[in-house]
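Keep in mind it's a predicted model, so treat the numbers as computed, not measured.
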2 protein chains.
Amino acid sequence: MGSARLPRAITIEDVAERAGVSAKTVSRVLNNEPNVRQNKREMVMQASRDLGYRPNPAARSLAGAKSFLIAHLYDNPAPEYIAAANDGIYAACRANGYFLLPEYVDPKANDRLDRLMNFLMTARADGVILTPPLCDDIEVLNILNQTDTPYASLSATHPSIGRPVINHDERAAARDLVLHLIGLGHREIAMITGPAGHNAARVRELGYIDALQQAGLSPRPDFSERGDYTMRSGIVFGQKLLCLPSRPTAIFAANDDMAVGVLTAAFSLGYQIPNDLSVVGYDDNRLASAVWPPLTTIRQPVAEMGRRAAERLMSPDPLQPDRETLDFKLIIRASTGPVPAYL
Amino acid sequence: MGSARLPRAITIEDVAERAGVSAKTVSRVLNNEPNVRQNKREMVMQASRDLGYRPNPAARSLAGAKSFLIAHLYDNPAPEYIAAANDGIYAACRANGYFLLPEYVDPKANDRLDRLMNFLMTARADGVILTPPLCDDIEVLNILNQTDTPYASLSATHPSIGRPVINHDERAAARDLVLHLIGLGHREIAMITGPAGHNAARVRELGYIDALQQAGLSPRPDFSERGDYTMRSGIVFGQKLLCLPSRPTAIFAANDDMAVGVLTAAFSLGYQIPNDLSVVGYDDNRLASAVWPPLTTIRQPVAEMGRRAAERLMSPDPLQPDRETLDFKLIIRASTGPVPAYL
DNA sequence: CTGAAAGCGCTAACAA
DNA sequence: TTGTTAGCGCTTTCAG
């Protein structure tokens, strides 16, 4: 195998010698600890730079009981979402000298909890970030608590006391989205929800209902289908909804991928969008603005949420405040329009 | 910060004591080294299991000069592709007790080489995997060689002597794709290529030209546009091509994302697909089968390629054979059809 | 404010 | 086949 190392790596001793101080002083300087005279501090910095010194993370970790690793635990419902969150987490980690360790928790694996435990015990990350739906998975949370692992979540609804949660107001966002449809004259609005057990998805349903009720409408049971965030489920349930005896004039898919599926279903059935049907998604991922017609959707700051979550974990005091709520934005594009005149 | 650790972690000494052997023997057993009597081996395994022992990676790394880390260096032209490769790399790593360390090399950052160097020196990964176009980036390769870092590449065209390259025959694949179009009667076939400097993309152009020539056609300069693998560029160049005085009857986009963009461009111009225009992509990513109409494309085994690359790096002898070529497959879907009768 | 000593948990090198 | 002795490079502790 062989690892990546030059003839002989520069150690803290080398820096100490060149700076004319002890190793401990170098350590103090490099870790921004107090109690070092300014001039020594500068000498150390200079020596370190001259030598191109990089602390050995294994040694730091072993001696200091810190790994400089932040793990991102993810399930896999909406790859675009996960990727965006991952990007944000990654950026924050690297900006602070940490490394990102992605770890997939396969929802279909019987031994997923054993694997997770194994991961936590071997990787020994300094913190763990959970993206939905893992952030509401009680079994996972139990293991995290049990192993005493600090963690933060994105869009968690489960009240993990004292753990930072970064989110945005999904209920209000979903409501705004449906109100936009209602403002366009739609009254027959169907929804394709996210998977069961995905609490953030459930919250979007609540927003949908809020909007309907606010307009004096009541949700029709046959206008609600449970998708799984895949494009395929958007196709399947889009078709199902459009084949209903009295079909909806607008469909709210709980994420963009499913909305794209609905587009596909509508086209395959010969419907024009938005002339015959309005479609809205949620997330504003890459697809949303690239498909035809581009999707009206909610832009949620996923990468930013990931960034904040990682920052919280790396900060000296990761708790307080428990929750941080970032802004969302309604993005209106060509997939929505007035109710068809013929209906 | 505080790291994730139980009251007192179980060490190799604990296992040694319980098994009645020395720490070194435990080490031998756990690392599958020879020269341990079978019964002792079993006692150690048992003791290790009883105690729920997990070796401390920092200690292993410090003592053994191995980090158990495989880095994935990526640029960002086609997120789906990168994600798929990453999944394969990740799976292989975890299956072998390694961790995956993703690292983004921002092509727009002036100090990208410094950052890369810094990453390599601090993370000290045991191996590095390059996805295109980084695998053909001379500056990056130089740094890798300079720091003596073992690496493997996906779809590299640059002859990195002695470094494993996992690929598939992109030239043949592109040719097959275009031959499929030609078989359908198309003669006016345009191509939207990948970005300059992306050698794998260049190879696809070669395949396109091969097919044309094989059919006695010659490439038209105005039928070749340089995209950048984004959906947006598919839209832009799709529109441009379709607005040509004598427009193509088929468009080959060098990846699926751009093909989706072409679909969008065609729809926005009022064209039906495949009635008025045939479109083909490359990759067979999630979009390809989810958009309407679903794309005829090439399925390349990206995840598998990532998996193999990682395996090569983790194997005791990472070199030989230099290149591994995996299979591709032509996937025919509804985005291609006969030439419009009216043309 | 600074440094010396000790040790984190493991494996390499050597000895038995 | 096994165990012993030394560190790996850093941070902790504690003395100055």
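Where B:Ala59 and B:Val21 each meet DNA chain D at their nearest nucleotide, the meeting point lying more 5' is that of B:Val21. Toward the 5' end of DNA chain D, the nearer of the two residues A:Glu33 and B:Leu62, judged by each one's closest nucleotide, is B:Leu62.
Under the 4.0 Å criterion applied to side-chain N and carboxylate O atoms, B:Glu304 and B:Arg308 are not assigned as salt-bridge partners. Contact check on A:Asp322 versus A:Arg163 returns no salt bridge, with no Lys/Arg side-chain nitrogen under 4.0 Å from an Asp/Glu carboxylate oxygen. The existence of a salt bridge linking A:Glu103 and A:Arg115 is excluded, since no basic side-chain nitrogen approaches an acidic carboxylate oxygen closer than 4.0 Å. Salt bridge status for B:Asp137 with B:Arg112: present, with a side-chain N to carboxylate O gap under 4.0 Å.
Between the CD1 atom of B:Ile143 and the CG atom of B:Leu73 there is a distance of 10.0 Å, given to the nearest 0.5 Å. Separating the CD atom in A:Glu139 from the CG atom in A:Leu134 is a distance of 11.0 Å, to the nearest 0.5 Å. Note: A:Leu101 CG to B:Leu69 CG = 7.0 Å, rounded to the nearest 0.5 Å.
Here D:dT2 is the nucleotide among C:dT11, D:dT2, D:dG9 with the atom lying nearest to any side-chain atom of B:Lys40. In this structure, of D:dT11, D:dG7, C:dA12, it is C:dA12 that holds the atom nearest to the side chain of B:Lys24. Side-chain proximity of A:Ile12 to C:dG9, C:dA13, D:dT11: nearest is D:dT11.
Phosphate contact (OP1/OP2 of D:dG3, side-chain N/O of B:Thr25, threshold under 4.0 Å): present. Distances shown here put a side-chain N or O of B:Ser22 below 4.0 Å from the OP1 or OP2 atom of D:dG3. An OP1 or OP2 oxygen of D:dC10 is reached within less than 4.0 angstrom by no side-chain nitrogen or oxygen of A:Ser27. Between B:Arg60 and C:dG9, a side-chain N or O to OP1/OP2 separation shorter than 4.0 Å is absent.
Between A:Asn35 atom CG and D:dT11 atom C1' there is a gap of 15 Å when expressed in whole angstrom units. Going from atom CD of B:Gln38 over to atom P of D:dT1 covers 11 Å, rounded to whole Å. At whole-Å resolution of the value, CZ in B:Phe68 and P in D:dC8 are 19 Å apart. For B:Asn56 and D:dC10, the CG to P distance is 16 Å, given to the nearest whole Å. Atoms CD (B:Glu13) and P (D:dG3) sit 12 Å apart, rounded to a whole Å. In this entry the distance linking CG of A:Asn39 with P of C:dC1 reads 11 Å, nearest Å. Distance NZ (A:Lys66) to P (D:dT12): 9 Å, rounded to an integer number of Å. Atom CD1 of A:Ile10 and atom P of D:dG9 are 12 Å apart (whole Å).
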Polar atoms only, N or O, under 3.5 Å: list the protein pairs with nucleotides 14-16 of chain D and their distances.
none

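For the residue pair B:Asn35/B:Arg28, the side-chain donor-acceptor check at 3.5 Å is not satisfied.
Between the B:Ser67 side chain and the B:Asp126 main chain, a donor and an acceptor come within less than 3.5 Å of each other.
Ring-plane geometry between B:Tyr90 and A:Tyr104 is classed as perpendicular, the angle between the planes exceeding 60 degrees on a 0 to 90 degree scale with a lower cut at 30.
Heavy atoms of A:Pro55 sit under 4.0 angstrom from primed sugar atoms or phosphate atoms, though from no base atom.
For the helix from C:dC1-D:dG16 to C:dA16-D:dT1, the axis fitted to the five pairs at one end and the axis fitted to the five pairs at the other end meet at an angle of 30° (nearest 10 degrees).
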